[in-house]
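The structure appears below as structure tokens.
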Amino acid sequence: MHLVRLGPVGQERPAVVAGGTTYDLTGLTADVDGAFLAGDGIAAARAALEAGELPELPDAETMRVGAPITRPGAIICIGMNYAEHAAESGSAPPDVPIMFLKTPNTLAGPHDPVTIPPGSERTDWEVELGVVIGKRALYLDSPSQSLAHIAGFVLGNDVSERQYQLVDSGGQWSKGKCAPGFNPLGPWLVTPDEVDHTGLRLRSWVNGEPRQDSTTADMIFGVEHLVWHLSRYLALEPGDVIMTGTPQGVALSGKYPYLRPGDVVELEIDGLGRQRQEFVAAEVA
């Protein structure tokens with residue numbers, strides 16, 4: 001199942017895409033949020049779709065695409081989770097997952113413009129597989145329990161400002177990760193039955209030129225391990241998002257220039273859709 005949210009910022013309507021048609025979910029839920037996921041909303045939406053009870057959403061193809069889940073309680077990110085990315089960053093592969101946080105207000109639609117912070121010289125892109133939690137996970141016994149707590153998967157761009165992340169950080173990465181709009185997500189939330197998350201191809205382009213090209217098979221720590229590991233330290237709540245790390249091919253490698261106003265970043269993960277963002281200069285009063 002492909003869940004989407006369509007409409008202006010703050011006024012998105014929940015919908016489901018099936019067979020090339022977009023169906024309105026507002027008769028079932030006001031939004032795709034933690035309460036919807038925790039309450040078996042996906043199962044209810046699937047049943048209504050199969051029963052022919054969902055109306056088509058008119059003019060869906062002309063509507064803005066929002067993030068496929070509304071403001072999560074937490075966005076939890078994993079750093080250096082691809083060996084080659086760790087190498088290009090000058091680091092050894094980690095022995096345990098590296099965790100940092102993004103603030104929920106970084107969430108943006110997959111095609112929304114992204115503002116480069118004032119004075120930034122080191123704004124970077126990162127294509128990533130995102131995991132959306134559907135059932136509370138705390139102190140799981142083993143990674144084998146993890147999939148039961150996952151609502152679905154999303155395409156994300158973990159936009160980063162490397163000066164803030166690595167120089168001005170005081171040792172914590174989040175300062176370089178939390179500018180408004182620094183986490184475009186979507187277009188879809190895809191349920192686990194529709195994708196094999198262990199072998200998804202991830203790609204990114206800047207101004208049409210290839211940058212990243214890898215697969216989730218190259219993750220150091222897989223999805224199940226990450227959910228289990230994080231649950232040992234914190235409660236993962238329905239609607240929370242885990243960004244699972246990025247492969248090699250970012251500007252931090254030194255192989256490519258950092259982003260400037262007017263640059264266009266495109267990202268894609270097999271089965272999870274495609275994003276396009278224009279990076280724009282900040283308006284400073």
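Starting from 1, each residue takes its place in the sequence as its number.
Residues meeting the side-chain hydrogen bond (donor to acceptor under 3.5 Å, both in side chains) test with Ser214, sequence neighbours left out: Asp218. Among residues two or more places apart in sequence or in another chain, the side-chain hydrogen bond (donor to acceptor under 3.5 Å, both in side chains) test is passed with Glu53 by none. Not a single salt bridge (Lys or Arg N to Asp or Glu O under 4.0 Å) links Asp196 to another residue, sequence neighbours left out. For Ser174, the side-chain hydrogen bond (donor to acceptor under 3.5 Å, both in side chains) test picks out no residue, with sequence neighbours left out. Residues satisfying the side-chain hydrogen bond (donor to acceptor under 3.5 Å, both in side chains) criterion with Arg203, sequence neighbours excluded, are Glu268.
With respect to the salt-bridge test (charged N to carboxylate O, under 4.0 angstrom), the residues Arg122 and Glu161 do not qualify. Of the charged side-chain nitrogens involved, none lies within less than 4.0 Å of a carboxylate oxygen, so that Arg13 and Asp31 do not count as a salt-bridged pair.
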message: As a quick check of understanding, evaluate side chain to side chain donor-acceptor pair (under 3.5 Å) for His2 and Glu194, giving each step before the final call.
response: CA-CA 9 Å; His2 290 46; Glu194 295 204 8; 3.1 Å; yes
- request: Determine, stepwise, if the pair Arg211 / Asp124 fulfils salt bridge (charged side-chain N to carboxylate O under 4.0 Å, His left out).
  value: CA-CA 11 Å; Arg211 291 294 186 259; Asp124 209 344; over 6 Å; no
- request: Output, in order, the C-alpha distance, side-chain angles, deciding distance and verdict of side chain to side chain donor-acceptor pair (under 3.5 Å) for Glu224 and His197.
  value: CA-CA 10 Å; Glu224 289 90 341; His197 66 275; 3.0 Å; yes
task: Give the C-alpha distance, both sets of side-chain angles, the deciding distance and a yes or no for side-chain contact (heavy atoms from CB on, under 4.5 Å) between Val114 and Asp112.
output: CA-CA 6 Å; Val114 178; Asp112 291 346; over 6 Å; no
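Although no hydrogens or angles enter the test, the distance criterion places a donor-acceptor pair under 3.5 Å between the side chain of Gln275 and the main chain of Leu155. A donor-acceptor pair is defined here as one N or O able to donate and one able to accept, closer than 3.5 Å; no such pair exists between the side chain of Thr106 and the backbone of Ala179. Arg276 places no side-chain N or O within donor-acceptor distance of the main-chain N or O of Pro110, the cut-off being under 3.5 Å.
Sequence neighbours left out, the pairs with a member in residues 176-188 that pass salt bridge (charged side-chain N to carboxylate O under 4.0 Å, His left out) are Glu126-Lys177, Asp158-Lys177.
Tested against Val159, the residues Thr123, Asn183, Val265 include a single side-chain contact (heavy atoms from CB on, under 4.5 Å) partner, Thr123.
Ring-plane geometry between His229 and His225 is classed as parallel, the angle between the planes falling under 30 degrees on a 0 to 90 degree scale with a further cut at 60.
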